[in-house]
Amino acid sequence: MSKTVEPSPLKGRTVAYKRFIHRTHWNKQLLGVGLLGLKQKMTVIDQVVEKLKPAKGIPGRRPKDYKPEINLTKIGENKYNFEADMGSAALIKKAVEFGKAKYEELRYHLNAILAVDLWGAFETYNTMLFQELFLKKPELLISEEKITVSEAVKNRDELIQYLIERQVDNIGHFPVIDLIKFTEKKLKFKYTSAQASKLTDMYLVRN
């Protein structure tokens, strides 16, 4: 029996698109692994906090002659017996809760890192995409922009390549609004208002 092979969803796509898809896939994987690691760490911290729940501290003012009492006794392989007075236990509990709050903040830090990387992937996609298209269809370079005679003479042997590099460099510096307009003008591709708004919001968050 002949087996039908499903065509790859990336078949016929630009190199820019393929790389963008791989980059976003890595981001999703990293997000999942990162959140899983944080969840596992938070589970351990929550268990410690639960054990220290009865530690409410010493009522009233702390005596001037107060001395913390903490004893750690090994009772087996990787196992210890921990004893502490109520004041010390309460202090340790606060330190653990503070550490827990810092770990909770790591989730936002991870999201921020991935947001910056994802936007970088989008910018790279656009520059690579136009570079590919300009090579295949140099007529897309046609515009009212001017170059000097000096630039033309210096790059006479590879004038098209020079124009491509110059245009791609300009694209890399476009604000998101200019990038949207440029894409619509050159490729006759119209972003929906929702897509344009989402890109603008992501650009703001990234910055």
Side-chain angles (χ1 to χ4, degrees), residues 2-39 106-207:
S2 61
K3 186 177 180 180
T4 303
V5 179
E6 292 291 332
S8 169
L10 298 180
K11 185 178 181 181
R13 303 283 187 172
T14 62
V15 174
Y17 181 78
K18 292 175 182 177
R19 291 192 179 182
F20 178 72
I21 290 299
H22 285 307
R23 184 88 167 265
T24 54
H25 174 71
W26 292 337
N27 269 271
K28 290 177 182 177
Q29 294 296 311
L30 184 57
L31 178 62
V33 172
L35 291 179
L36 178 61
L38 284 173
K39 183 177 180 181
L106 282 178
R107 179 165 60 92
Y108 300 103
H109 184 58
L110 174 63
N111 288 338
I113 292 173
L114 294 180
V116 171
D117 186 76
L118 187 59
W119 186 263
F122 177 69
E123 289 180 329
T124 301
Y125 163 70
N126 279 284
T127 54
M128 286 187 64
L129 171 65
F130 278 106
Q131 188 173 36
E132 285 184 66
L133 294 177
F134 291 150
L135 283 170
K136 291 182 177 180
K137 292 189 174 183
E139 58 269 23
L140 289 173
L141 290 165
I142 296 174
S143 70
E144 297 301 319
E145 294 180 50
K146 303 291 191 299
I147 65 171
T148 65
V149 173
S150 175
E151 289 172 318
V153 172
K154 287 180 180 179
N155 298 279
R156 60 187 179 277
D157 295 331
E158 295 183 344
L159 184 56
I160 295 298
Q161 184 62 40
Y162 167 73
L163 294 176
I164 290 175
E165 291 176 359
R166 177 171 140 152
Q167 188 62 269
V168 167
D169 183 64
N170 289 337
I171 293 171
H173 291 86
F174 280 164
V176 66
I177 295 299
D178 290 345
L179 178 61
I180 290 173
K181 292 178 179 177
F182 185 82
T183 302
E184 292 177 348
K185 178 182 178 181
K186 289 293 183 180
L187 306 184
K188 309 304 179 186
F189 172 81
K190 181 71 175 177
Y191 282 97
T192 65
S193 57
Q195 289 172 333
S197 177
K198 187 174 183 179
L199 283 174
T200 303
D201 290 343
M202 289 180 67
Y203 183 67
L204 177 64
V205 171
R206 179 265 185 195
N207 287 341

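All values reported here derive from a predicted model rather than from experimental measurement.
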Notebook entry, point to check: Step by step, would you call L179 with L199 a side chain to side chain contact (heavy atoms under 4.5 Å, CB included)?
Noted result: CA-CA 10 Å; L179 178 61; L199 283 174; over 6 Å; no
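- E139 contributes atom CD, which lies 10.5 Å from atom CG of L133 (distance to the nearest 0.5 angstrom).
- Note that CD of E158 is 8.0 Å distant from CD of E165, once rounded to the nearest 0.5 Å.
- Panel note: side chain E123, backbone G120; no donor-acceptor pair is recorded below 3.5 Å.
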Item checked: Residues I113, L30; criterion side chain to side chain contact (heavy atoms under 4.5 Å, CB included); working and verdict -> CA-CA 11 Å; I113 292 173; L30 184 57; over 6 Å; no
Next item on the list: Could you walk me through whether D169 and H173 pass the side chain to side chain contact (heavy atoms under 4.5 Å, CB included) test, one step at a time?
Entry: CA-CA 7 Å; D169 183 64; H173 291 86; 3.5 Å; yes
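- Side-chain N or O atoms of R206 include none that pairs as donor or acceptor with a backbone N or O of Y203 at under 3.5 Å.
- A cation-pi arrangement is present between R13 and Y17 under the rule of less than 6.0 angstrom and at most 45 degrees off the ring axis.
- Put simply, the side chain of L141 does not reach to within 4.5 Å of the side chain of F130, judged on heavy atoms.
- Note that CD1 of I164 is 10.5 Å distant from CD1 of I171, once rounded to the nearest 0.5 Å.
- Going from atom CZ of F134 over to atom CG of L163 covers 10.0 Å, rounded to the nearest 0.5 Å.
- The nearest pair of heavy atoms linking I160 to P138 is CG2-CB, 4.3 Å.
- Between A152 and I147 the shortest heavy-atom distance is CB-CD1, 4.0 Å.
- Atoms CG and CG, on D178 and N170 in that order, are 11.0 Å from each other to the nearest 0.5 Å.
- Between F20 and Y125, the angle of the ring planes lies from 30° to 60°, which puts this pair in the tilted group.
- Using cut-offs of 30° and 60° on the angle between ring planes, the pair Y191 and F189 is perpendicular.
- In terms of heavy-atom proximity, I142 sits nearest to K186 at O-NZ, 3.0 Å.
- Side-chain N or O atoms of E151 include one that pairs as donor or acceptor with a backbone N or O of T148 at under 3.5 Å.
- In this structure, NZ in K198 is found 13.5 Å from OG in S193, a value given to the nearest 0.5 Å.
- The two residues K146 and E144 come nearest to each other via the heavy atoms NZ-O, 3.0 Å.
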Check: Would Q167 and E145 count as a side-chain hydrogen bond (donor to acceptor under 3.5 Å, both in side chains) if you check the C-alpha gap in whole Å, the side-chain angles of each, and the deciding distance to 0.1 Å?
Finding: CA-CA 10 Å; Q167 188 62 269; E145 294 180 50; 3.3 Å; yes
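- Taking the side chain as every heavy atom from C-beta outward, R19 and T14 never approach each other to under 4.5 Å.
- Inter-residue side-chain proximity for L135 and Q161 is flagged as met; some heavy-atom pair is nearer than 4.5 Å.
- Minimum heavy-atom separation, A16 to E132: N-OE2, 2.8 Å.
- Between L187 and T183, some side-chain heavy-atom pair lies under the 4.5 Å cut-off.
- The minimum heavy-atom distance linking V176 with T200 is given by the pair CG1-CA, 4.2 Å.
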